[in-house]
Amino acid sequence: MVNSSTGGRYHRPMNVSGIRTGLTLAAMLAAASVFQAGAQGRAAQQAKAPAGKACAAQVREGWVRMPPMQMPMMAGFGRIENRCSVPVTIVSAKSAAFADVSLHETRIVDGVSKMRAVPELRIAPDGSAQLKPGGLHLMLMQPHKPLKEGSRVAVEFGLKDGGSLFGEFEVRKAAP
């Protein structure tokens, strides 16, 4: 037997105002949880920053030397400035454009040019590190796709304090 006032045997009449109230409460709870997650994320980022650190190091004049032909490695150069009152120590580097990125240094030892990996690069307060051909540089290994002159490569440097430093490097055929 079907009850026409309820619309069917197993259905009750819809309580539209109750549904609206429930949806409004659900939306408010969702917004509150998004707000809380954002606040926790900001708090976590601030907690990672060293005490008294109100500034950040910066990459300036970054560029990547484009090889004359497609090669599995390239080099990156530029200047990393630390205008902060505390030292900054770079312990790693990575880029979505390359399989591997690392800091290297070329030195002349007994008349022979030798390259070695640099495990840490400490930049003193109000100091800078110059990445240049024949010296300290980024070793960029195995590009994921061919790079074109004028394109830009993003590099993320990992810092000893757990933070990150982001730099942009322009692909060029020759030094600026």
Under the criterion side chain to side chain contact (heavy atoms under 4.5 Å, CB included), I'd like the reasoning laid out for F169 against V59: C-alpha separation, chi angles, the key distance, then a yes or no. CA-CA 9 Å; F169 293 75; V59 176; 3.8 Å; yes
Taking all atoms of both residues into account, what is the closest heavy-atom pair of [X] and [Y], and its distance?
X    : Y    : value
A57  : C84  : N-SG, 4.2 Å
P72  : P143 : O-CD, 3.8 Å
L136 : A129 : CD2-CB, 4.4 Å
P125 : V86  : CG-C, 3.7 Å

Any side-chain heavy-atom pair of [X] and [Y] under 4.5 Å:
X    : Y    : answer
L138 : L103 : yes
L159 : I90  : yes
V153 : M74  : no

Nearest 0.5 Å, please: how far is OG1 in T89 from CG in D161? 8.5 Å
Once you round to the nearest 0.5 Å, how far does CG of L131 lie from CG of L121? 7.0 Å
Just to verify, what does F157 make a ring pair (Phe, Tyr, Trp, His ring centres under 6.0 Å) with, not counting sequence neighbours? none
For R172, give me all partners under salt bridge (Lys or Arg N to Asp or Glu O under 4.0 Å), at least two apart in sequence or on another chain. E170
With ILVMFWY side chains joined below 4.5 Å, transitively, what does [X]'s cluster contain besides itself?
X    : answer
F166 : none
M73  : M115, M139, M141
M69  : M71

Is there a path of hydrophobic side-chain contacts, each under 4.5 Å between heavy atoms of I, L, V, M, F, W or Y residues, that connects V64 with V118? yes
Among residues at least two apart in sequence or on other chains, which ones pass side chain to side chain contact (heavy atoms under 4.5 Å, CB included) with P133? W63, R65, F77
Taking only residues at least two apart or on different chains, which pairs with a member in residues 126-152 satisfy side-chain hydrogen bond (donor to acceptor under 3.5 Å, both in side chains)? R83-D126
Residue pairs, two or more places apart or on separate chains, that pass side-chain hydrogen bond (donor to acceptor under 3.5 Å, both in side chains) and touch residues 92-121: S102-H104, E105-R107, E105-R116, E120-K160
Hey, is the main chain of I123 close enough, under 3.5 Å, to the side chain of N82 for a donor-acceptor pair? yes
